[in-house]
There are 2 protein chains.
Amino acid sequence: MPKRVDHEERRTQIAEALIQVAGRRGLHAVGMRDVAAEAGVSLRLVQYYFETKEKLLFYGLQHLTDRFTARVGSRLAAVGPNPGPRAAIEALLLASLPTDQESRTFHLLYSSYSILSVTDGALAAQPFIDNPDAAENTLTGLLAGAQAAGLADPGADARTEAISLLAMTATMGTSILVAQRTPDSAIAVLRHHLDRIFTASGHTTPDARQQTDTNTCP
Amino acid sequence: MPKRVDHEERRTQIAEALIQVAGRRGLHAVGMRDVAAEAGVSLRLVQYYFETKEKLLFYGLQHLTDRFTARVGSRLAAVGPNPGPRAAIEALLLASLPTDQESRTFHLLYSSYSILSVTDGALAAQPFIDNPDAAENTLTGLLAGAQAAGLADPGADARTEAISLLAMTATMGTSILVAQRTPDSAIAVLRHHLDRIFTASGHTTPDARQQTDTNTCP
DNA sequence: ATAAATATGGTACGTTCGTATCACGAAGAG
DNA sequence: CTCTTCGTGATACGAACGTACCATATTTAT
């Protein structure tokens, strides 16, 4: 036989090529020949490692989410060994915004896959459907921890706020993608809500809110 | 000549067929033959009224946004002749959620077009890009009006809250579409934020908040 | 050393798609 | 009453796509 190649490594290489070309021309426009050309291999090779286009697309989705999870993790680690909940949440959310080429590609392709899954049952059964739940749970835990530590408004519902933050981040991401909003304005909106959640109570401002209240106390 | 047909009416009929089949099988999967069959006309007719597929898609997008704008308007009118700002905003947001077949189709296709526009320059230049701005401005005005009337928290930034509400609504819509969230839970989250904005001040509760505050007044 | 298995290239096949072409009936204009 | 123009049908064409098939060099196993 020829030089016993690592199949998983080859598949990764081809999947990366898929992501590149799909990020450039759109997921709908990518063909096996494009992927082969981008990866620098023959069409036959793509067929060899992924028997069908559907399998290639599924593997590409898996690879995409894996890479992005790793990216968010490293961003989170970059804010310090044990950051405050607020810093951690901010890092988490901002890492999801499409601010550079890699995150733009991720956001575009993840959205494309999601939309495709609405009308494609086989894709809907793919693993990427539980990733949002994981993010929601992580964020909820972070918020609840901040509340327990007296850093965040104890009256807020952690899960609802987590859902809200993630939802806003997602739409902001798309808005940035279609050049309808700048990353800065998106970040400003997110920070606004973090301020609301994190300064409404806690050690610094137990009654700072009353400065703007029409206070009826004597 | 034959019986002088109304071109605009025919185009509308065909565009509606496009929307139907695209909503069923996905925008990426729709072909001219599918549209023709759905509309009950020949392939040649689709070519006759829209010379090219690109023009058909553009017209379809226009028709889609028109229909949806009308739908939201009628939903808004259905809440009464002059509703309060809160009821109006709630109607506006809830009308955008994909809760029935028509709004599901709209949400799916609008998202598909948006994603397509990222990698298709001609589509990005299409008119649907300013619709979000219009919604944002409308909502901002509604919120500002509520603030002026003393119904909403005067300390909130109307535009930021408008952006946030629309952003959350958009993502919730997609979540409902992919069956990751139920309409009820999405509505609950939106109502939570409306409560936050609308009960923080106003005629009924100038100091109701202090019931939950750690009030430092004597 | 011979055989079996592996990795890779080249290419052909059938289908589908958007578009173009040919053809023809029906109605208003002169 | 032609004649031109408009609406419609059927069909053909070239390209691109996913997939299948055949060939071949190389390496491991016997």
Side-chain angles (χ1 to χ4, degrees), chain A residues 1-22 24-61 112-113 116 119-123 126, chain B residues 1-61 109 112-113 116 119-123 126:
Chain A
M1 333 164 172
K3 53 168 171 139
R4 253 359 184 39
V5 93
D6 183 346
H7 278 213
E8 209 51 40
E9 187 180 348
R10 266 260 202 272
R11 269 193 269 264
T12 298
Q13 171 200 358
I14 294 176
E16 212 116 357
L18 162 68
I19 291 173
Q20 293 309 86
V21 62
R24 224 180 307 123
R25 299 214 283 265
L27 189 58
H28 68 284
V30 61
M32 316 235 81
R33 287 168 176 84
D34 304 296
V35 174
E38 180 80 15
V41 300
S42 74
L43 169 62
R44 180 66 179 86
L45 264 259
V46 181
Q47 280 191 265
Y48 182 71
Y49 289 103
F50 306 92
E51 279 130 51
T52 177
K53 185 187 182 181
E54 189 178 51
K55 290 180 183 172
L56 168 61
L57 287 178
F58 288 176
Y59 191 95
L61 171 60
S112 300
Y113 275 113
L116 273 187
T119 46
D120 184 334
L123 195 57
Q126 247 8 57
Chain B
M1 333 168 174
K3 54 173 170 133
R4 240 25 191 340
V5 93
D6 183 347
H7 278 214
E8 207 52 40
E9 186 181 347
R10 266 260 202 273
R11 269 192 269 263
T12 298
Q13 171 200 357
I14 295 176
E16 212 115 357
L18 161 68
I19 290 173
Q20 294 307 69
V21 62
R24 225 181 304 124
R25 299 215 283 267
L27 189 58
H28 68 284
V30 61
M32 315 234 81
R33 287 167 176 84
D34 305 294
V35 175
E38 180 81 14
V41 301
S42 74
L43 169 62
R44 179 66 178 85
L45 264 263
V46 181
Q47 280 192 265
Y48 183 71
Y49 290 103
F50 305 91
E51 280 130 50
T52 176
K53 185 186 183 183
E54 188 178 51
K55 290 180 183 172
L56 168 62
L57 287 178
F58 288 177
Y59 191 95
L61 171 60
L109 296 187
S112 300
Y113 274 113
L116 274 187
T119 46
D120 184 333
L123 195 56
Q126 244 14 52

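Just so we're on the same page: letters track the sequence lines, and every chain starts at 1. All values derive from a computational prediction rather than experimental measurement.
- D:dG18 atom C1' lies 12 Å from atom CG of A:Leu56, rounded to whole Å.
- Put simply, the side chain of B:Arg11 reaches to within 4.5 Å of the side chain of B:Glu8, judged on heavy atoms.
- For A:Tyr48 and C:dA7, the shortest distance from a side-chain N or O to OP1 or OP2 is below 4.0 Å.
- The distance from atom CG of B:Leu45 to atom CZ of B:Phe50, rounded to the nearest 0.5 Å, is 11.0 Å.
- Nearest heavy-atom pair, B:Val35 versus B:Ala17, reported as atom, atom and distance to 0.1 Å: O-CB, 3.8 Å.
- The two residues A:Gln20 and A:Glu38 make their nearest non-hydrogen contact at CB-OE2, 3.5 Å.
- The phosphate of C:dT6 has neither OP1 nor OP2 within less than 4.0 Å of any side-chain N or O from A:His7.
- Under 4.0 angstrom from either OP1 or OP2 of D:dT8 there lies no side-chain N or O belonging to B:Ser42.
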Whether each nucleotide of nucleotides 13-22 of chain C has a protein heavy atom under 4.0 Å at its base (B), only at its sugar-phosphate (S) or at neither (-) is summarised, 5' to 3', as ----BBBBB-

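- For B:Tyr49 and D:dT8, the OH to C1' distance is 8 Å, given to the nearest whole Å.
- Atom CG of A:Leu45 and atom C1' of C:dA7 are 8 Å apart (whole Å).
- The distance from atom CZ of A:Arg11 to atom P of C:dA7 is 10 Å, rounded to the nearest whole Å.
- The side chain of A:Arg10 contributes no N or O atom lying less than 4.0 Å from OP1 or OP2 of C:dA7.
- Distance, B:Ile14 CD1 to D:dT8 C1': 12 Å, rounded to whole Å.
- Across all non-hydrogen atoms, the minimal contact from A:His28 to B:Leu116 is CE1-CD2, 3.2 Å.
- Separating the CG atom in B:Leu18 from the CG atom in B:Leu57 is a distance of 6.0 Å, to the nearest 0.5 Å.
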